Amino acid sequence: MTKKNTWYIIKPIAAAQGVAGAGASTEIFIYGDIGESWYGDTVAAADFVREIAALDVTSITIRINSYGGSVSDGIAIHNAIKRHKAHVTTSVEGVAASISSLIAVAGDTVEIADNATLMLHAPWMYADGNSADLRAYADMLDTWAAAMATSYAAKSGQDQATILALLTDGKDHWYTADQAIAEKFADVKVSAVPMAASLDRQVLLARYKTLPTLASQSDLSLAAAAALNPKESTVDKPLTAAEIQAAADKKIKDEQAIAAAVLAAESLRRTSIATAFDKFRTMNGVAALEKLCGDDTNCTVDQANAKLLAHIASGSSSVAGTSIITVEDERDKFRIGAAASIMARAGLQKDDVSNNFRGYSLSELARLALSKSGVSSEGMDKMRMVAAAFTHSTSDFPNLLGNVAEKAMMKGYEEAEETFQLWTSEGTLSDFKVGKRIDLTSFPTLQKVLEGAEYSYATVGDRGESVQLATYGKKFSITRQAIINDDVDAFGKIPRLMGRAAIRTVGDLVYAILTSNPAMSDGTALFHADHANLLTGAGINTASVDLMSAAMALQKEGKSVLNIELKYLIVPRTLRGTANVVQKSEFEVGSANKNNTVPNSVRDTFEVVADARLDAVSTTAWYGAADGNRTDTVEVQYLDGVKTPVLEQQNGWDVDGVEYKVRMDAGVKALSYRTLAKNPGA
C-alpha cells in the first residue's frame, strides 16, 4: 500500500500487492521544501532517512519537484540515498533547485525531463546578531558550500574548485535538461509527462536572485509552472511565458511581505528578551543564556523569562530568609584579561580585540592590581607603586606574572625540536632513591618440565640496571625596572628559552649515553666487543647496515638467540643524507659496480634519527637501536611521571622584583646493551 506523508510519498510498486521485499521496486515523490519551511509542509531529513533505510528493495525511483530548502537536511538525504543498497534513479520532473539539486545528483542514474530545470547556487540564510555571530554564520555557509561541492564534483567528474566557484559567486546557475547533461549533473533526458500541480505549499521564490530566463521558461514543464501558481495551472491549459512571469512577480512580492513580517516579529522577540536580561547581564552565565534564548527561534519571551529566573535561583542560597546571589568576581575578570593582554603582546597567543585590558602597559596593570585588591596607589612614584604591587599580600600582580611566565615556559618546552623521544622509552620513579630496572631481554629460555617434575626459578633479579633521578634547574628574575620599562620580553622570551633549555637538558643526557659509552651493570662498557654490539668501522651503506641488523638479531641470552630487530639508525646530522639514501635507495648502496642492479636489502627496514649532538663528538660514528616500546633501550625517567618542567616563584630579596626557578626532575639510563649497537665509522 502507498505510504503517504504531508511532505513526501513512498509508493511500493512491487508485483506482490506493493509489499516491499526481495526484488521489489519503490517510487518516492519529493514535492516540497526540504527541511524547515515557513509554509508548513517539509521533506524532513530524519523521517526520510529512517524510511528509506527501512526499504528492502532492489530499485528505487525518486521523483523530484522542489525549489530547495534546508542545506543540512538536504545533505543528510543525499547521503541516505548514496548509502542505500538499491539502484537509485532520481528523476527531475519539473524543478530541482538549490539543495534539491544535490539530492538529484545522489542517484546512481539521474534522469531529467526534457522541459525540466536544475539549479545550483550558494547556500544562504537569514541571520542577525553581532559581528562575531555574522562571521560564524558566514564560516558555516562556506563549510556547507565546500561539502556540497564535493558531491556535485563526484557526480559530474568536474574539478572541486570549479564547482566551489559556482557555489560561492552569489549567482543562481540554471540548467536546462540538455545543459545539465552536458555538465554531467544528469545522465539521461526523458520525455515530459503532463501533470497537475504537485507542490502543496508555495515556495519562497524571493530567495533566488534570478529565475530561468523567459526563453527557457517556455520549456518548463507544467509541474514547474504549477509551482509558480498552482491554483491557476491545469493539465489542459499550459501557461504562457508572460503569465508565468507575472505569477512569479506577484508571488515574490507577496512572499517578501511575509518575510518582512516574520523578520519584524523576530526582531521584536529578540528585543524583548534583551530588555528582560539587561539588568542581570553581568551575572555569571546570564549573557550566554540570553544568546541561547535569542538564537532559539522557538523560545518565546515568556519562556526566556522563566529560564532567566531559574538560572538566577540556581546561583542563590537562602540565609535567614534572604537570598544571596553569586555574581562573577571582577578580580577574576582582571586576572584573565590582564594575563591575556601580556601574552598577546609577548606573542604567546592571538590578540583579542574585545579584551578590556588590551594594550595596557605592565605599570598600568600593576596599578590596576593594587586597585582591584583595595590598595590605593595615589602619591606613589613608579618604583614604590610597582614594589607595592609585587609585595602586597593581597595583590594579584605576582601571580599574574607567574601565570604568564609559566605559559611561556611551556610553549618553549613544547616547540623545542628534540629527537630523543623518537627512539627512547619513558619511565616513572616515585623518589630520588637508587632503583632497579630488569633487562627485558635477559629472561632465560623456558625449560622442559618432565612429568611429575618441579618448575625451576629463573634468576633475573640481580641482572638489572640501576636508575636514579636528579634535579636540574636555573633561576631568573623579573625586576621592578623591567616592569617600569614595559619589558614584555621578560615574560615571553626568557621563560620560553628556559622551557626549551629544560627539554634540551634531557636530550643532552640521552645522547651522552651514546657518546660517553658508560659501563653497564656487568662492569663492561655499553658498546664493547664482549657485548657483540661494537662493529668494525665502516660508512653507512647497505652492507654495514645489514651487518648491524644481523648483530642485533643474533644477540643471545644464554644459548637462545633473541632475534631483536633494528628499528632506528641514529646518526650525526652530517650523515643524515647518507642514511636517508640507504633507507630509500632501490639498489644496493656502496657497491663498486657503477651499473649496480642488485636490490637494496635494507630498504625501508629502519627509520633515520639525526641529531647534531653526535657531531660534536664524532662525525663518523653511527648507532642502531631496537624499538623502545617492545624492548629495553634507553629509558628516560621522570618523577611521578611529570615530564614537563616546573616553575616556582618567590618575591625577590636579592633583587627588586620576583624570582623564578625552573626545575626538571629526570634520569636517563641504558637498560640493555643487546638492543643498542655502534659503528665507529670510517
Side-chain angles (χ1 to χ4, degrees), residues 30-35 37 43 62-71 73-75 77-78 90-107 110-125 141 144-145 147-156 158 162-187 189-190 192 198-199 201-229 241 244-245 247-249 251-252 255:
I30 297 179
Y31 288 169
D33 274 357
I34 310 300
S37 169
V43 179
I62 300 177
R63 304 191 182 279
I64 300 171
N65 189 25
S66 169
Y67 277 90
S70 167
V71 175
D73 281 8
I75 292 174
I77 292 173
H78 173 99
T90 53
S91 180
V92 181
E93 307 286 294
V95 177
S98 190
I99 197 62
S100 68
S101 67
L102 187 78
I103 296 175
V105 301
V110 180
E111 297 178 349
I112 182 168
D114 57 12
N115 56 1
T117 56
L118 183 142
M119 189 270 276
L120 282 67
H121 69 172
W124 66 277
M125 67 189 305
L141 291 174
W144 280 346
M148 294 165 63
T150 300
S151 298
Y152 287 121
K155 172 59 183 174
S156 65
Q158 298 185 49
T162 302
I163 299 295
L164 188 59
L166 297 177
L167 300 181
T168 55
D169 63 3
K171 299 178 182 178
D172 298 332
H173 300 278
W174 291 92
Y175 299 90
T176 64
D178 289 334
Q179 290 169 338
I181 292 173
E183 295 295 329
K184 297 184 179 179
F185 295 126
D187 303 310
K189 183 169 67 173
V190 296
S198 302
L199 297 181
R201 291 293 185 265
Q202 305 193 16
V203 295
L204 186 61
L205 297 182
R207 61 192 170 200
Y208 300 149
K209 293 182 180 295
T210 60
L211 287 170
T213 62
L214 289 178
S216 64
Q217 285 282 3
S218 61
D219 294 330
L220 288 179
S221 67
L222 292 176
L228 295 173
N229 199 342
I244 292 174
Q245 191 64 52
D249 292 342
K251 186 171 298 298
I252 291 173
E255 291 168 348

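Because the structure is a prediction, the values reported are computed rather than measured. Each residue takes its place number in the sequence, starting with 1.
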From Y152 OH over to L120 CG, what is the distance, rounded to the nearest 0.5 angstrom?
4.0 Å

Search all heavy atoms of A96 against all heavy atoms of I64 and return the closest pair with its distance.
CB-CG2, 4.2 Å

Any side-chain heavy atom of I103 within less than 4.5 Å of one from T90?
no

Between D187 and K155, is any pair of side-chain heavy atoms under 4.5 Å apart?
yes

For S98 and Y67, the nearest pair of non-hydrogen atoms, with its separation, is CB-O, 3.8 Å

Here the gap from T168 atom OG1 to H121 atom NE2, rounded to the nearest 0.5 Å, amounts to 12.5 Å

Distance-minimising heavy-atom pair for I163 and A149
CG2-CA, 3.7 Å

Quick one: are W174 and V95 in side-chain contact, heavy atoms under 4.5 Å?
yes

Tell me the closest heavy-atom pair linking L167 and A122, and the distance in Å.
O-CB, 2.7 Å

Got E183 and Q158 here, is their nearest side-chain heavy-atom distance under 4.5 Å?
yes

Between atom CG of L102 and atom NE2 of H78, what is the distance when rounded to the nearest 0.5 Å?
5.0 Å

For Y31 and R63: C-alpha separation, side-chain torsions, deciding distance, then whether side-chain contact (heavy atoms from CB on, under 4.5 Å) applies.
CA-CA 8 Å; Y31 288 169; R63 304 191 182 279; 4.2 Å; yes

Using a 4.5 Å cut-off on heavy atoms from C-beta on, say whether the side chain of I99 contacts that of M148.
yes

Interatomic spacing from OG in S91 to CD1 in I30 - rounded to 0.5 Å:
11.5 Å

Where is the tightest heavy-atom contact between S66 and S100, given as atom of each residue plus distance?
O-OG, 2.9 Å

Minimal heavy-atom distance between K171 and H173, with the atoms involved, is O-CD2, 3.5 Å

As a test of understanding, state which of I112, T117, V190, V105 forms a side chain to side chain contact (heavy atoms under 4.5 Å, CB included) with V92.
I112

Rounded to the nearest 0.5 Å, what's the gap from CD1 on I181 to CG on D114? Could you check?
9.5 Å

